2 protein chains.
Amino acid sequence: MVTIDDVAELAGLSKSTVSRVINHYPHVSQEKKERVYQAMETLGYVPNSSARSLRNKKTKMIAVIVPRLMNPFFGQLVESMEVAANQQGYQLLICQTMYSQDTELGHLNLLKTKQVDGIILASLENEWNNIAEYLSYGPLIMCNEFDESAEIPIIKLDQIHGGYIATKHLIRQGHTRIAYCSGGHKSMVANHRKIGFEKALAEHGLRFDESLGFFDAYTIENGIEVFKEIHKMDNPPTAVFTGSDEVAAGILTGAREYGVDIPGELSVIGFDNQVISRIMDPKISTVEQPIEQMAQKAVHVLVEQINSNNKPAKERYELPLELIIRESTVGGPLRAVE
Amino acid sequence: MVTIDDVAELAGLSKSTVSRVINHYPHVSQEKKERVYQAMETLGYVPNSSARSLRNKKTKMIAVIVPRLMNPFFGQLVESMEVAANQQGYQLLICQTMYSQDTELGHLNLLKTKQVDGIILASLENEWNNIAEYLSYGPLIMCNEFDESAEIPIIKLDQIHGGYIATKHLIRQGHTRIAYCSGGHKSMVANHRKIGFEKALAEHGLRFDESLGFFDAYTIENGIEVFKEIHKMDNPPTAVFTGSDEVAAGILTGAREYGVDIPGELSVIGFDNQVISRIMDPKISTVEQPIEQMAQKAVHVLVEQINSNNKPAKERYELPLELIIRESTVGGPLRAVE
DNA sequence: ACCAATTTTGAAAACGATTTCAATGATTCA
DNA sequence: TGAATCATTGAAATCGTTTTCAAAATTGGT
């Protein structure tokens with residue numbers, strides 16, 4: 001392996017000088033600079049990053065913790081983060097919790113062992129007070145998923161508004177009996193959507209029928225299950241609010257199997273504006289989330305935290321959501337209200 | 001930051017002994033062992049991994065290079081790789097090329113700078129002879145995408161067979177005029193599928209009509225475009241072979257828009273057995289690829305390479321593909337052959 | 001031509017671990 | 001009991017950088 005000493009020797013200089021050239025220090029004569037570059041070139045020298053990290057106490061790596069990549073929301077989030085991280089000169093390490101608390105804590109150890117300079121939490125399996133202690137080892141920020149009590153930067157979406165506009169739309173179409181699907185009881189994202197959902201109901205003097213709630217729906221398969229449950233109800237809902245386009249797609253798939261027309265007999269709204277929502281038949285109304293923007297902001301904020309020597313910060317960024325009306329919620333049997 | 005010296009001091013021992021305890025060396029008395037553990041515990045000591053990497057010349061990190069994560073095939077591949085890597089005590093760094101040659105070369109520099117112990121190439125933007133030189137800095141292996149001339153381990157799928165069985169199935173349904181879609185001219189995966197495709201045709205005395213070839217189809221949008229092209233042909237095909245379920249889904253979407261019945265007027269077969277193939281209407285016939293198995297094997301082989309001190313190896317592993325018949329290719333207007 | 005200020009350089013000390021080497025202490029065996 | 005073996009420990013070197021410190025070389029002003 002060719003080291004800085006080899007370069008120094010070939011160039012006939014000390015390694016201090018070589019190091020200075022590499023790091024673009026001022027006060028190096030043009031002549032020596034060129035001799036160093038020449039030597040590096042002929043030797044094919046590249047600095048060893050472990051040595052650099054050790055000395056600089058910076059690894060130029062960050063990690064992102066997500067539940068799993070197959071979930072297209074997180075796939076997209078991580079894709080955008082990787083690009084943003086590279087642009088800022090960082091490598092992105094990917095950590096999946098697979099919904100396990102222990103795995104999550106295991107990943108947080110990357111901070112302790114100084115394998116990464118900071119971590120983006122896009123998933124939250126453990127209580128915040130079990131995570132907070134890791135803060136003393138390096139910066140943590142939250143992205144998408146969050147816990148208000150955490151005194152760290154949070155980049156999130158306005159989920160309350162998201163739940164609200166989606167529900168409002170259903171109500172405007174004349175629905176009064178609306179089912180609610182979401183993924184995860186402890187997710188604050190899901191909680192906030194529910195708040196928006198109920199806010200919209202309340203504005204129209206409606207109350208949520210608890211028997212229409214489904215709180216463990218993540219996948220297409222779950223969506224199919226949900227449809228089956230709904231289908232056998234005596235007094236079924238006329239619309240269903242879902243927490244993801246996949247679940248919505250599952251409901252459509254279930255409905256097709258049972259010959260139930262959507263939106264004719266049941267309206268369905270998704271969440272995320274994933275490609276799938278555009279190609280299902282009928283096309284799924286949904287709520288668009290600015291994932292790329294959120295990912296970029298998160299990387300940016302984390303890098304800032306890293307460079308500010310982990311100076312405590314607790315900024316909050318909230319990005320807007322947008323309703324996208326397609327076919328799965330319009331032209332149903334109910335007349336539009338207002 | 002608490003270092004091994006702090007532990008040594010508190011335990012009243014030398015750091016050599018502490019190191020030996022950490023690394024489970026034999027010949028450390030039970031008593032000192034306990035004193036060390038005690039000290040580590042009270043100080044909350046965790047070894048610094050940059051220091052370790054520097055000394056051991058091993059980072060316990062590997063990288064995987066993919067085009068992009070949004071592509072569900074690669075999303076699934078990376079998901080499985082991350083899990084497998086963790087199980088083997090490695091962290092997975094994700095590198096997207098975004099189809100850029102320069103970006104790919106940039107990622108390969110991770111090996112030069114010793115940021116990773118090895119790299120899995122699941123994407124190949126550059127010619128192999130431009131990549132080969134990196135081999136002197138650490139192990140490289142290919143997974144899925146490949147170049148036969150590369151003298152490194154290759155874990156791939158039997159794409160020739162995949163192309164063959166899919167086409168054979170279409171021919172059995174009575175099709176003789178079959179369009180062919182794939183992503184990427186230089187991809188050997190695509191090439192092999194084409195070979196299988198033509199082999200099946202040849203077996204039935206059919207020849208491929210070059211005007212029915214589409215070679216830049218990756219996404220749903222591309223699929224829609226392909227459908228439009230086909231739709232305005234004077235002598236359109238009665239079936240289309242696609243290189244991915246997304247493209248197949250795009251064709252279905254295009255067909256729906258134009259009121260063309262599938263499989264009634266056009267049969268479509270996908271590739272991958274992604275969820276989307278199960279929920280489109282009609283459900284898409286496809287070829288199942290054992291992605292998880294391939295991912296695990298790849299990680300395994302790479303780790304082996306790393307531990308064998310990069311001893312040259314050029315094993316080839318070929319995993320089988322399986323035809324999955326659903327609705328998009330059966331019950332078409334043509335009578336089944338044989 | 002001389003002094004002060006400023007560039008430019010190199011030797012040596014970090015960074016935090018692991019490993020070699022040699023020394024000590026304990027044990028075995030005759 | 002003495003020699004030989006083996007288990008146990010610590011001092012110091014090492015991995016490949018960056019940075020501090022001080023010395024040497026240059027510049028500028030008079």
Side-chain angles (χ1 to χ4, degrees), chain A residues 1-37 39-40 43-61 109-117 137-138 309, chain B residues 1-37 39-40 43-61 109-117 137-138 309:
Chain A
M1 192 198 193
V2 33
T3 74
I4 198 173
D5 290 289
D6 302 328
V7 176
E9 190 180 348
L10 179 59
L13 294 166
S14 76
K15 54 170 158 183
S16 323
T17 304
V18 175
S19 174
R20 282 189 269 258
V21 172
I22 294 170
N23 296 290
H24 304 104
Y25 273 53
H27 306 323
V28 177
S29 74
Q30 192 57 34
E31 186 230 337
K32 320 257 157 158
K33 227 183 254 179
E34 270 156 25
R35 262 159 61 191
V36 169
Y37 281 128
M40 296 205 301
L43 292 177
Y45 169 77
V46 176
N48 176 303
S49 46
S50 300
R52 278 195 147 166
S53 303
L54 175 58
R55 184 60 227 224
N56 295 338
K57 294 173 172 311
K58 289 271 145 72
T59 62
K60 288 289 180 175
M61 299 223 178
N109 272 315
L110 291 171
L111 258 193
K112 267 199 193 174
T113 60
K114 301 272 178 250
Q115 286 190 83
V116 299
D117 294 337
Y137 302 105
N309 286 318
Chain B
M1 193 200 192
V2 32
T3 74
I4 198 172
D5 290 289
D6 302 327
V7 177
E9 190 179 350
L10 179 58
L13 294 165
S14 76
K15 54 169 158 179
S16 323
T17 304
V18 176
S19 174
R20 281 189 269 258
V21 172
I22 295 171
N23 297 288
H24 304 103
Y25 273 53
H27 308 322
V28 177
S29 74
Q30 192 57 35
E31 186 232 336
K32 319 258 157 154
K33 229 184 252 180
E34 269 156 24
R35 262 158 63 191
V36 169
Y37 281 129
M40 295 205 304
L43 292 176
Y45 169 76
V46 176
N48 176 304
S49 46
S50 300
R52 277 195 147 168
S53 303
L54 176 59
R55 185 60 228 223
N56 294 338
K57 295 175 173 311
K58 289 271 145 71
T59 62
K60 288 286 179 177
M61 298 220 177
N109 273 314
L110 291 172
L111 258 193
K112 268 198 192 176
T113 59
K114 300 272 177 252
Q115 285 189 84
V116 300
D117 293 338
Y137 301 106
N309 287 315

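Just so you know, these numbers come straight off a predicted model, no measurement behind them. Within every chain, numbering begins at 1; the chains are lettered A, B, ... in the order of the sequence lines, protein sequences first and strands thereafter.
Nucleic acid contact class of B:Thr3 (heavy atoms, under 4.0 Å, all strands): sugar-phosphate only. Across all strands shown, A:Ser16 has heavy atoms under 4.0 Å from base atoms, whether or not it also approaches the sugar-phosphate. Among the protein residues, B:Asp5 comes within range of no part of the nucleic acid, since none of its heavy atoms lies under 4.0 Å from any strand. Counting non-hydrogen atoms under 4.0 angstrom, A:Val46 reaches the backbone sugars and phosphates but no base. The residue B:Lys15 sits close to a base: some heavy atom pair falls under 4.0 Å.
Expressed to the nearest 0.5 Å, how far NZ of A:Lys114 lies from OG of B:Ser53 amounts to 14.0 Å. Interatomic distance, NZ of B:Lys60 versus OG1 of A:Thr113, reported as 13.0 Å (0.5 Å rounding). Here the CG atom belonging to B:Leu13 is positioned 13.0 Å from the NZ atom belonging to B:Lys33, to the nearest 0.5 angstrom. A distance of 9.5 Å separates CD of A:Glu9 from OG1 of A:Thr3, quoted to the nearest 0.5 Å. Between atom CD of residue B:Gln115 and atom OG of residue A:Ser49 there is a gap of 4.0 Å, rounded to the nearest 0.5 Å. A distance of 5.5 Å separates CE in B:Met40 from CD1 in B:Ile22, rounded to the nearest 0.5 Å.
Once you apply a 4.0 Å limit to the heavy atoms of chain B, the touched nucleotides of DNA chain C run 5' to 3' over C:dG16 to C:dT20. In 5' to 3' order, the nucleotides of DNA chain D bounding all contacts with chain B (an atom under 4.0 Å from a heavy atom) are D:dA7 to D:dG16.
With salt bridges taken as basic N to acidic carboxylate O contacts below 4.0 Å, one links A:Asp5 and A:Lys15.
Take the nearest nucleotide of DNA chain D for B:Val28 and for A:Arg20: the residue whose nucleotide is more 5' is B:Val28. Taking the nucleotide of DNA chain C with the nearest heavy atom to each of A:Lys32 and A:Arg55, the more 5' of the two is matched to A:Lys32.
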